[in-house]
Protein chains: 2
Amino acid sequence: MTIESTPAPATIEEVAAAAGVSRSTVSRVVNGSTSVSPAALDAVRSAIERLNYVPNRAARSLASRQTHAIALVVPEDTTRFFGDPFFAAIVSGINARISRSDYVLNLFIASDDAGDKTTSYVRSGAVDGAIVVSHHTSDTFIERIAAAVPVVYGGRPVRERERDHYVDVDNLAGGRAATQYLIDRGHRRIATITGPRTMPAGVDRLEGYHEALAAAGLPEGAVEDGGFTADGGAAAMRRILAAGDRPDAIFVASDLMARGALSVLAAAGLRVPEDVAIIGFDDSPVATSVFPSLTTMRQPSFAQGERMADMLLELLAGRDAERITILETELVVRDSA
Amino acid sequence: MTIESTPAPATIEEVAAAAGVSRSTVSRVVNGSTSVSPAALDAVRSAIERLNYVPNRAARSLASRQTHAIALVVPEDTTRFFGDPFFAAIVSGINARISRSDYVLNLFIASDDAGDKTTSYVRSGAVDGAIVVSHHTSDTFIERIAAAVPVVYGGRPVRERERDHYVDVDNLAGGRAATQYLIDRGHRRIATITGPRTMPAGVDRLEGYHEALAAAGLPEGAVEDGGFTADGGAAAMRRILAAGDRPDAIFVASDLMARGALSVLAAAGLRVPEDVAIIGFDDSPVATSVFPSLTTMRQPSFAQGERMADMLLELLAGRDAERITILETELVVRDSA
DNA sequence: ATGAAAGCGCTAACAA
DNA sequence: TTGTTAGCGCTTTCAT
């Protein structure tokens, strides 16, 4: 069979006729204008009910130049998107906030199409604004999106401009605190497994590591990029072990990478934390699902998502919005360090 | 600051003027009509390039009564959506297929808003069709969606109708094969942890379990609902142990539930597979991330997603589409049974 | 191969 | 408070 034919949906014209009023009055009722008489209000409402009327979105947005839709742009592939609990948390936060509004969310897992479809979608006026969740130096299409609609970034933008809005976690302080904790526990040969240097979160956490070490007058340890994935973390761990001169502690810039590192350590017969102490970053569900459970820096990803949505909603309402929000991290001590 | 003002995007009218042709000709070029002279084609193309023109989606869809958008409806909460690798696989498949088309995907994690926003979005003509990924007896809003646009279901619909299109896995045969494997290995007291009975996948796998047992002349074992979550699986496992009369094998209808069951078994000091053999369902990444690794029924979720998207695209193209596709499962033997 | 003209269903001044 | 009147930017007959 082919497409089933459903009766054409009622139009505003039909509702107006049924209610014995003009299109404008129906429009007013639909859009919640106050200047409608109780009688008209009733008539229109019942006509809407009776005809099962739903305003046509295209027509509405063509006339009003608003779509009441927001693009959620994730410049990652689906594997990373679904594989990293960080996205689950932040998207849940965004979704929770948007659900309470009358906006809808259009998700773009955008690395798959190199961003082109996403860009023209946004530029075609299909959304009123965009939230960009994770982005890399190479994601230049983001700039064309930002030129078309208001954007709120998750994390400090790659090339920050004066008017960028974003919600970030204090990655610098987080990296510093994590490293400091290891120092305080008496460790002296401290390595780090970093996120990609093309991402601000990767850069900032590494910078925090450097600062803590410098402040304590300690030498820099091995620095390996784990790409924010479990496999990358495992590979980085292997490189560190292969280099000899084993560290006695490692600051791993995400829990997922820490999981990878942990498995390599276990395979190498090294005990955590006795031989090598590990501290992660995120406090995502993986932190408690590995053995030993991870000491880690908690970051409030759900709240970050909510705040991002909040910020964009403010912007779209034409209200002044705080341009930057920085959320704090918090040390969570468990068994790995 | 408030919304930044970007120059109003170029309209078809402006492109037409710049190219020295009529709106119609520009429209023809944009929509790939053949009846355009090479000269006009060139002029229009360069004007489009020059003016950075992107057609307005609302206007286009209002005039053409097509949106080139597809709703992906997931009647689950975000926790389950991100927590179950099954969704990762099926959504990846859908996304992969849609990416290759000129449609875009609008994701609705719909249990959060009770489906009302989703329903009116769909009924407002915002999408041409919908893919419904996981649905329960209680999700009645799906029917209103199906009344408005063509729908392809993932899994047999709750209330199947003559004209429903869907892509399912052969859950009946899968449940049967899993149970049969346990029987073949010499197990005689076989319990099962099921998915929700409100979901066809839950019902069908249980039915397969019953059939295999009956065919072998074996009595039915404990049957507990694990709700397709890890926690639910753990709770179900606890109930089975608490009931006494320990089974020697369990067919667990999803890998995630098996993970929960495994942790309870470990805590109870029971060895897998020596004391209790476990077979899962899915062959998702969790199957190899637990100890012992899971013997399980592999289901081709990515392919299922691709096929669903394919089917809907066929329908939207007005072509005849196969109404039902059933994909086979496959036994994967590892360490847990 | 091309253009003119008529809408698609709605919102938003403006008048009344 | 209500209705009238113009569009919003595009597609799509229908002529030519």
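Chain letters run A, B, ... following the sequence lines, proteins first, then strands; residues in each count from 1. This is a predicted model, so every value here is computed, not measured.
B/E14 places its CD atom 13 Å from the C1' atom of D/dC8, with the value rounded to the nearest Å. Put simply, CG on A/D42 is 16 Å from C1' on D/dT1, counting in whole angstrom units. One atom, CD1 of A/I48, and another, C1' of C/dC10, lie 13 Å apart when rounded to the nearest Å. The CG atom of B/N31 sits 7 Å away from the P atom of D/dT12 (whole-angstrom rounding).
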Exercise for the section: Go through the steps for A/N56 and B/R65 under the test side-chain hydrogen bond (donor to acceptor under 3.5 Å, both in side chains), then give the verdict. Expected result: CA-CA 10 Å; A/N56 179 291; B/R65 311 165 139 286; over 6 Å; no
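Between B/F86 and A/F82, the gap from one ring centroid to the other reaches at least 6.0 Å.
With hydrogens and angles disregarded, a donor-acceptor distance shorter than 3.5 Å links the side chain of A/D139 to the backbone of A/H136. A donor-acceptor pair is defined here as one N or O able to donate and one able to accept, closer than 3.5 Å; no such pair exists between the side chain of A/R80 and the backbone of A/P75.
Counting non-hydrogen atoms of other residues, nucleotides and ligands closer than 6.0 Å to CD of A/E322 gives a total of 12 or fewer.
Proximity of B/M308 to B/R97: side-chain heavy atoms (C-beta onward) are nowhere separated by under 4.5 Å.
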Problem - Base versus backbone protein contacts along nucleotides 2-9 of chain C [heavy-atom cut-off under 4.0 Å; B, S, -] - result: BBBBBBBB
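Between the NE2 atom of A/H68 and the CZ atom of A/R60 there is a distance of 7.0 Å, given to the nearest 0.5 Å.
Between the two ends of the helix from C/dA1-D/dT16 to C/dA16-D/dT1, each summarised by a five-pair axis, the helix axis turns through 30° (rounded to 10 degrees).
Taking every heavy atom of both residues into account, B/A126 and A/R57 meet most closely at CB-CD, 3.6 Å.
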